[in-house]
Amino acid sequence: MLLALFFCLDMATLKLPGLIDPHTHLRDPGATHKEDWHSGTCAALAGGFTMVMAMPNTNPPITDAITLVATQRAAAERAVCDYGIHLGAGTDNVAAAAELGPQVTGLKMYLDQTFGPLRLDDLGPLMAHMGQFPKETPILCHAEGRTVAAAIFAAHLFDRPVHICHVSRKDEIELIRAAKDKGINVTCEVTPHHLFLTLDDCAHIGAGKCEVRPMIATRADVDALRANLDIVDWFATDHAPHTLMEKESALPPPGYPGLETALALYLELAHEGLLSLDDLIKKCCDNPCRDLKLPAQENTWIEVDVDAEWVAHGAHMRTRAKWTPFEGRTMRGKVTRVVLRGETVFENDRVLAKPGSGRNVRPATLQTGSDDIVRQLGADKQIRRPI
Ligand code: DOR
Ligand code: ZN
Ligand code: ZN
């Protein structure tokens, strides 16, 4: 079925646009033993992603000009695919966030507990950000259960778009469908793990490794996500690398690496007849581009051997996490080549791009390379070193 639908180079090779992952955690600066801009973007290319959007729950979190410049610099030195950076919404950065809006791809608001210090518990800052952050740039919410309703309602009052990250429950997807039916400006994403794993899988994944936020859910929740794929705007990996040692510790941090397993799982949905390849391209490319106003990547494509079978082994992956919740699963569909802006950047299982060749899709007005501007900001003294 797949072959009939898109560009077919030969019987088994599909040519697809470069995939976009709008929700990636790269840990740089602050926790580069888990991932940095180089290891994470190498994992992205291997997985068929030519653009990733980095989340702000780094250490320190990306919430102001200084931390944004530090992240822009780290990315400019190390990224091998194109990228955007999402800013974090804090209790005391409402004005600063609004001012930095044009330099970032979104404002991330954490309305429930997850990894890192960014969490908005009070209604005041939530409403202030909703009211002041530029409407052209979306507000992306980590919201679960009731906070999904709160985020949608608050955004609607200000007549601004809002995006709900990693929807995982039946109630949530049905609420979003109802809001969309009323014409409310809300978009949403789902992750491969919430589409493929249930709580029953924790027995073989292991309790610590299984921790993720939102937690994987029940068969009924997975079935509801699958039944409502038509209103899911984006697929997003929520690639959230932590080391095996951390995941097997007494206090395991939540999160799964996902960049290198996502495409095969998206293709599995197509093989199952749940979506067409056209839908897959919409959710992995067209819709994130539309909602985040991303530039087109000229001369950029990936080649995928759709019949190639391989077994997922974290130890063989490029992510520094070196594990996967899909360990041992037979995957179908392998990226054989990635061409980014005319250059072959991944082929024969090797990343060919040089660190720093990736481009920021929101070219910084605070020039990342400019010591002058950093000095003007006082950032040369204040950039906190990774801990
Ligand atoms: O499981 C998660 N891990 N969920 C999140 O929202 C954050 C992420 C992380 O950064 O590790
Ligand atoms: Zn989240
Ligand atoms: Zn996340």
Side-chain angles (χ1 to χ4, degrees), residues 20-37 39-40 43-44 49 52-63 71 83-89 105-120 138-145 147-148 151 162-169 172 187-197 199 201-202 205-217 234-247 249 251-259 262 288 292 319-321 323-326:
I20 296 170
D21 187 34
H23 188 151
T24 312
H25 296 267
L26 291 174
R27 318 301 191 199
D28 183 359
T32 51
H33 66 286
K34 297 175 196 266
E35 202 78 291
D36 70 12
W37 274 93
S39 61
F49 295 92
V52 296
M53 309 294 133
M55 282 293 165
N57 60 337
T58 45
N59 187 3
I62 311 168
T63 51
T71 308
Y83 56 90
I85 298 168
H86 297 317
L87 196 72
T105 38
L107 180 72
K108 180 72 186 283
M109 215 178 238
Y110 289 90
L111 301 178
D112 293 277
Q113 188 53 45
T114 178
F115 183 68
L118 286 174
R119 175 165 164 178
L120 287 185
I139 291 184
L140 318 163
C141 295
H142 178 121
E144 300 185 33
T147 57
V148 177
V162 66
H163 176 84
I164 307 298
C165 296
H166 42 46
V167 178
S168 64
R169 308 282 154 143
E172 296 165 358
T187 54
C188 69
E189 71 188 34
V190 290
T191 69
H193 47 275
H194 292 118
L195 286 166
F196 280 89
L197 299 176
L199 284 168
D201 292 301
C202 289
I205 294 173
K209 281 193 271 181
C210 218
E211 287 295 337
V212 67
R213 296 295 177 276
M215 193 55 185
I216 49 174
W234 312 348
F235 282 154
T237 67
D238 197 4
H239 177 81
H242 300 284
T243 64
L244 253 184
M245 213 161 82
E246 292 164 339
K247 293 295 284 183
S249 70
L251 274 179
Y256 302 160
L259 285 166
L292 298 171
T319 172
R320 226 162 252 169
W323 72 277
T324 165
F326 296 103

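Whatever order the structure lists ligands and atoms in, that order sets their numbers, starting from 1. Because the structure is predicted, anything quoted here is derived from the model rather than measured.
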>> Give me the nearest non-hydrogen protein atom to atom 3 (N) of ligand 1 as residue plus atom name, then the distance to 0.1 Å.
In response: Pro254 O, 2.9 Å
> Of all the atoms in ligand 1, which lie at a distance below 4.0 Å from a heavy atom belonging to Val212?
Replying inline: 1 (O)
> What residues, two or more places apart in sequence or in another chain, satisfy ring-ring contact (aromatic ring centres under 6.0 Å, His included) together with His194?
Replying inline: none
> Do any protein N, O or S atoms sit under 2.8 Å from the Zn ion (ligand 3), and which ones are they?
Replying inline: His23 NE2, His25 NE2, Asp238 OD1
>> If I compare all heavy atoms of Cys210 with all of Ile216, which pair ends up nearest, and what's the gap?
In response: SG-CD1, 3.7 Å
>> Which residues pass the side chain to side chain contact (heavy atoms under 4.5 Å, CB included) test with Pro56, not counting sequence neighbours?
In response: Ile62, His86, Lys108, Tyr110, Leu118
>> Aromatic contact between Phe115 and His25, with the criterion being ring centroids under 6.0 Å apart: yes or no?
In response: no
> Does any N or O atom in Gly255 lie less than 3.5 angstrom from one in ligand 1, N or O only?
Replying inline: yes
> Between Glu211 and ligand 1, which part of the residue brings a heavy atom under 4.0 Å of the ligand: side chain, backbone, both or neither?
Replying inline: neither
> At what distance is the nearest protein heavy atom to atom 7 (C) of ligand 1, and which residue and atom is it?
Replying inline: Thr114 OG1, 3.1 Å
> Of His25, Met55, Arg213, Arg27, which has the heavy atom at the shortest distance from atom 11 (O) of ligand 1?
Replying inline: Arg27
> Starting from atom 8 (C) of ligand 1, which protein heavy atom do you reach first, and at what distance in Å?
Replying inline: Ala240 CB, 3.7 Å
> Taking only residues two or more places apart in sequence, or in another chain, which ones meet Asp36 in a salt bridge (charged side-chain N to carboxylate O under 4.0 Å, His left out)?
Replying inline: Arg320
>> Using 30° and 60° as the class boundaries, would you call the ring planes of His166 and His23 parallel, tilted or perpendicular?
In response: tilted
> Should you measure from each heavy atom of His142, which atoms of ligand 1 turn up under 4.0 Å away?
Replying inline: 6 (O)
